[in-house]
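These notes are about the structure you will find just below.
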2 protein chains.
Amino acid sequence: MSGNKHPRVRRLTIGALSKHTGCNIETIRYYERIGLLPDPPRTEGGHRDYDEDHLKRLAFVRRGRELGFTLDQIRGLLRLVDGGDFTCADVQRITLSHIAEIRDKISDLRKMERVLKEMVSKCEGGDIPECHVIDVMFASLGK
Amino acid sequence: MSGNKHPRVRRLTIGALSKHTGCNIETIRYYERIGLLPDPPRTEGGHRDYDEDHLKRLAFVRRGRELGFTLDQIRGLLRLVDGGDFTCADVQRITLSHIAEIRDKISDLRKMERVLKEMVSKCEGGDIPECHVIDVMFASLGK
DNA sequence: CTTGAACCTGTAGTTACTACAGGTCCCATA
DNA sequence: TATGGGACCTGTAGTAACTACAGGTTCAAG
């Protein structure tokens with residue numbers, strides 16, 4: 001058994017972390033700065049020296065972002081997990097309220113889409129110097 | 001006919017403009033600063049002195065924002081209109097591409113919603129220290 | 001030992017506002 | 001006419017979540 005090799009922990013540069021997660025390097029450093037990722041140990045020369053735990057944590061953050069959580073919500077989730085005293089109910093509550101926010105956004109966007117489609121459907125679309133869309137947007141007050 | 005009265009133009013303070021449009025005062029000044037609204041004339045004491053044209057323009061901007069246009073898109077629309085040489089086709093193109101952006105956002109959000117619902121549906125929800133949502137979010141890499 | 005890619009820190013820019021601080025002006029009332 | 005307080009002024013800084021440098025150091029392959 002090979003003496004002083006420690007294959008237990010795979011060492012990763014920030015570039016490798018970036019490649020594995022698809023998260024760009026500046027963003028990783030940003031997450032560290034705002035305390036979402038722990039300060040990793042450094043090599044002699046001062047380069048960041050990550051391991052698999054950092055990788056998992058960053059992946060968690062990225063996955064959270066893909067699911068539309070804010071960094072603050074993600075921070076909240078991580079604190080729960082780090083504290084070790086989280087319950088499924090806690091996480092469920094946070095997730096459900098996030099789902100509700102997403103639904104609200106969707107309904108706002110659908111309303112916009114509906115109104116815009118309605119407006120644009122009345123356009124001639126030609127090379128003429130007047131447009132129903134503009135008229136409606138200017139007419140939205142008083143008159 | 002009453003000599004030096006000029007009822008032709010209703011004069012408005014920034015506060016009045018704010019009330020009419022629902023746009024907050026700081027935001028009006030911000031729009032002026034970034035060149036979306038023209039610098040209005042001032043009273044002797046330096047207060048902004050608006051008229052109905054300013055009101056219409058601000059209403060246009062607000063309406064655009066409600067419809068999800070960015071300030072840059074609105075700036076584009078206003079430039080077209082101000083230039084006087086816009087065509088219905090121009091506006092239609094801009095509007096259609098905005099609608100496409102909105103559709104993309106909606107579909108992103110729907111995807112998030114679907115995934116989150118699926119995740120949360122597998123939660124026990126109880127007072128237990130483990131959660132399917134957390135598991136999935138941590139498991140999203142390699143594993 | 002050299003070279004160039006990868007890394008480092010620190011700062012500033014992005015979008016669309018919002019929130020002051022620290023002053024000045026306006027005008028209705030006493 | 002004096003005055004008080006609300007409305008207004010400028011300028012700066014903060015928000016979210018990054019991104020983009022500049023200007024320097026380290027690493028690793030040849």
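So that the names make sense, note that chain A is the first sequence line, chain B the second, and so on, each numbered from 1.
Distance alone, capped at 3.5 Å, is enough to place a donor-acceptor pair between the A:Thr95 side chain and the A:Val91 backbone. When atom types are taken as modelled, the side chain of A:Thr21 and the backbone of A:Leu17 share a donor-acceptor pair closer than 3.5 angstrom. Judged purely by atom type and a 3.5 angstrom limit, B:Arg57 uses its side chain to pair as donor or acceptor with the backbone of B:Leu36.
Here D:dC18 presents its P atom at 12 Å from CG of A:Asp72, a figure rounded to the nearest Å. Rounded to an integer number of Å, the gap from OH of B:Tyr30 to P of D:dG14 is 17 Å. One interatomic measurement links the two molecules: CD1 of B:Ile28 to C1' of D:dA7, which rounds to 13 Å at whole-angstrom precision. When rounded to the nearest whole Å, the span between CD of B:Glu26 and P of D:dA13 equals 16 Å. Here the P atom of nucleotide D:dC18 and the CG atom of A:Asn24 are 10 Å apart, to the nearest Å. If you take CZ of A:Arg75 and P of D:dT15, they are 12 Å apart, rounded to a whole angstrom.
Taking 4.5 Å as the limit, some side-chain heavy atom of B:Arg63 sits within range of a side-chain heavy atom of A:Val115. B:Asp51 is not listed as a side-chain neighbour of B:Leu12, based on a closest heavy-atom distance of 4.5 Å or more.
For D:dT19, neither phosphate oxygen OP1 nor OP2 lies less than 4.0 angstrom from any side-chain nitrogen or oxygen of A:Arg29. Residue A:Thr27 places no side-chain N or O under 4.0 Å from the OP1 or OP2 atom of D:dA17.
Checking D:dA17, D:dT19, D:dC8 against the side-chain heavy atoms of B:Ile25 singles out D:dC8 as nearest.
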Output a table of donor-acceptor pairs, distance under 3.5 Å, between side-chain atoms of residues 99-111 of chain A and any protein atom two or more places apart or on a different chain; print 'none' if there are none.
unit_1   : atom_1 : unit_2   : atom_2 : d
A:Arg103 : NE     : B:Glu113 : OE2    : 2.6
A:Arg103 : NH2    : B:Glu113 : OE2    : 3.4
A:Ser107 : OG     : A:Asp104 : O      : 3.4

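Remark: A:His54 engages A:Tyr50 in a ring pair (Phe, Tyr, Trp, His ring centres under 6.0 Å) (not counting sequence neighbours). Residues passing the ring pair (Phe, Tyr, Trp, His ring centres under 6.0 Å) test with A:Phe69 are A:His98, sequence neighbours excluded.
For the pair A:Gly45 and B:Leu71, nearest-nucleotide mapping onto DNA chain C gives the more 5' position to A:Gly45.
Among residue pairs with one or both ends in residues 84-94 of chain B, those qualifying as salt bridge (charged side-chain N to carboxylate O under 4.0 Å, His left out) are B:Asp90-B:Arg93; sequence neighbours excluded.
Nucleotides of DNA chain C with any atom under 4.0 Å from a heavy atom of chain B span, from 5' to 3', C:dA16 to C:dC26.
For the contact set between residues 31-44 of chain A and DNA chain D, defined by any heavy atom under 4.0 Å, the members are A:Tyr31, A:Thr43.
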